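Counting convention: from 1, in listed order, for ligands and their atoms alike. The structure displayed is predicted, hence computed values, not measured ones.
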Amino acid sequence: MSEPESPASGPVRAELVVDLDALRRNVRTLADTCAPAALMVVVKADGYGHGMVPVARAAREAGADWLGVATLDEALALRAAGDTGPVLCWLGVPGEDYAAAMEADVDVTAYSTAELDEIVGAARARGGRARLQLKVDTGLSRGGATAADWPDLVAATRDAVEADEVELTGVWSHFACADDPDHPANEAQEQAYAAALRVVDEAGLDPGLRHLCNSAGALTRPQARYDLVRCGLASYGLSPVPEHRTSEELGLVPVMTARAQVALTKQVHAGAGLSYGHTYVTERETTVALVPVGYGDGVPVHGSSVAPVQVGGVRRTVSGRVCMDQLLVDVGDQPVAAGDEVVLFGAGADGGPTAQEWAEACGTISYEIVTRIGGRFRRRHEHLTQEDA
Ligand SMILES: *Cc1c(COP(=O)(O)O)cnc(C)c1O
């Protein structure tokens with residue numbers, strides 16, 4: 001399994017460094033913490049921006065039992081890259097190519113009898129059994145069958161199992177509020193999930209793997225781990241419960257570092273307006289560093305004048321508006337020069353900022369910070385194994 005890195009030509013203007021050793025450590029930590037439950041590492045959305053294929057490979061090396069993705073396309077891309085282990089996808093649309101899923105030995109999820117009918121149709125047309133999981137909606141009100149529709153979905157699945165058209169490999173649900181451990185919805189969802197499992201049991205069906213937890217649930221609700229936990233964010237070293245525990249407290253190391261080099265510095269006078277709209281005005285004569293990344297590279301405009309950056313080893317704040325290709329930092333009297341390193345976020349060592357801090361500054365979640373960053377950043381994976389390199 002390998003993936004071409006972004007084309008390299010000329011000096012590195014800006015790069016995303018993905019530390020696969022950190023990812024492996026996080027995966028081992030999660031596997032140890034959640035054992036005897038098995039671990040699914042969620043690699044959807046290009047591995048939360050970290051690169052799906054290299055992340056998937058490192059996750060398997062570190063002991064991920066399953067990989068999880070949203071779309072069938074993502075699952076097929078894993079197969080095309082050589083992954084042969086269990087893979088679950090969970091977001092189909094009408095007309096989904098379930099025959100391709102069967103061909104690739106990918107587990108698919110049905111939320112409704114309409115989806116089940118399509119899956120069964122593919123199994124009949126192709127011959128053989130589709131690997132199927134069922135999702136019950138226990139309160140997120142997103143995917144999954146409602147409690148009202150669940151018995152029908154279970155009954156139809158039992159018929160398909162008896163006809164040898166599907167193999168039921170799992171029954172699962174998803175938390176709405178697990179990032180807030182005290183939220184009453186967590187307990188309510190656990191009870192609703194247990195009730196849904198009773199329906200499966202009463203239908204005489206073996207549910208296969210039972211799973212309910214995302215990263216936050218896996219780390220805060222041991223009683224809800226069942227047979228498998230699905231960890232995305234925590235695998236990437238970010239805290240899924242940032243208001244309660246830092247990634248460090250959870251024993252996790254952020255995997256992605258976003259860095260750039262200073263393109264230019266200049267002296268400006270007191271009262272100079274920086275960037276569009278002059279929303280930032282210098283208080284005294286100062287040095288301004290131009291950093292060649294912007295919202296065209298996924299740096300949020302909401303970071304304007306609030307997000308932390310580390311310039312030449314010193315912590316600063318973005319000064320004025322983030323532009324499409326660049327942003328500015330008022331570095332005061334610091335002797336910064338073109339070519340000096342700028343860290344937007346990373347592991348947080350040496351006082352450097354983290355994706356979580358960017359999220360807080362921008363009024364969003366760390367998931368969005370790492371998943372949306374990209375654009376013209378060059379992505380480089382560190383600590384690939386011999387085979388990958
Ligand atoms: C994205 C996703 C996950 C992973 O969630 P994290 O909070 O990143 O651990 C787990 N399960 C499902 C169904 C998802 O869509």
Side-chain angles (χ1 to χ4, degrees), residues 23 26-27 29-31 33-34 37-50 52 55-56 59 64-75 78 86-93 106-111 115 133-145 169-181 183 185-186 189-190 193 196 209-221 224-245 247 250 252 254-256 355-356 359 364-372:
L23 183 105
N26 296 333
V27 168
T29 299
L30 292 167
T33 303
C34 298
L39 174 65
M40 174 187 290
V41 173
V42 179
V43 299
K44 64 192 180 185
D46 200 21
Y48 290 41
H50 295 67
M52 180 173 75
V55 160
D65 304 289
W66 282 76
L67 297 176
V69 290
T71 69
L72 178 55
D73 283 349
E74 292 173 313
L78 287 171
V87 172
L88 174 67
C89 62
W90 52 70
L91 193 55
V93 291
V106 167
D107 290 45
V108 298
T109 304
Y111 296 168
E115 278 181 325
Q133 303 211 0
L134 296 182
K135 183 176 184 196
V136 59
D137 177 7
T138 54
L140 178 59
S141 308
R142 203 173 68 178
T169 62
V171 170
W172 61 278
S173 191
H174 194 48
F175 280 122
C177 305
D179 59 329
D180 178 0
H183 199 292
N186 297 317
Q189 285 195 264
E190 284 173 19
Y193 182 63
L209 294 171
R210 302 160 302 163
H211 49 113
L212 176 58
C213 286
N214 53 4
S215 294
L219 291 169
T220 63
R221 308 190 74 76
R225 286 179 189 143
Y226 286 94
D227 305 317
L228 175 74
V229 294
R230 305 183 305 268
C231 293
L233 194 73
S235 308
Y236 304 99
L238 299 168
S239 173
V241 286
E243 287 168 30
H244 301 269
R245 313 269 296 277
S247 56
L250 293 167
L252 303 171
V255 171
M256 181 191 286
Q356 178 57 35
T364 181
I365 48 180
S366 62
Y367 296 74
E368 188 180 16
I369 298 294
V370 292
T371 304
R372 292 187 76 166

key: Subset of ligand 1 atoms that lie under 4.0 Å from at least one heavy atom of Y48   =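 Taking each heavy atom of Y48 in turn, ligand 1 has 1 (C), 4 (C), 5 (O), 6 (P), 8 (O) under 4.0 Å.
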
Could you tell me whether [X] and ligand 1 have an N or O pair separated by under 3.5 Å?
| X | result |
| --- | --- |
| V42 | no |
| L233 | yes |
| W172 | no |

ask   = Between T109 and Q133, do the side chains contain an N or O donor and an N or O acceptor separated by less than 3.5 Å?
value = no

task = Could you tell me if any non-hydrogen atom of R142 lies under 4.0 Å from any atom of ligand 1?
result = yes

note = Residues A59 and V27: closest non-hydrogen pair is O-CG1, 3.9 Å

Proximity winner for atom 14 (C) of ligand 1, if only heavy atoms of R230, M40, K44 are counted = K44

task = Spell out, as yes or no, whether a donor-acceptor pair under 3.5 Å connects the side chain of S366 to the backbone of A359.
result =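 Pair absent, no side-chain N/O of S366 close to backbone of A359.
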
inquiry  = For atom 9 (O) of ligand 1, what is the closest protein heavy atom, and at what distance to 0.1 Å?
reply    =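 For atom 9 (O) of ligand 1, the nearest protein heavy atom comes out as S215 OG, 2.5 Å.
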
query = At what distance is the nearest protein heavy atom to atom 7 (O) of ligand 1, and which residue and atom is it?
reply = Y367 OH, 2.6 Å

query = Any side-chain heavy-atom pair from L238 and Y367 closer than 4.5 angstrom?
reply =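 Of all side-chain heavy-atom pairs linking Y367 with L238, none is under 4.5 Å.
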
request  = Please tell me if the side chains of Y226 and H211 come closer than 4.5 Å, counting only heavy atoms from C-beta onward.
outcome  =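 No; the side chains remain at least 4.5 Å from each other.
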
query = How many angstroms lie between atom CZ of R245 and atom CG of L219, to the nearest 0.5 angstrom?
reply =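 Going from CZ on R245 over to CG on L219, the span is 7.5 Å.
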
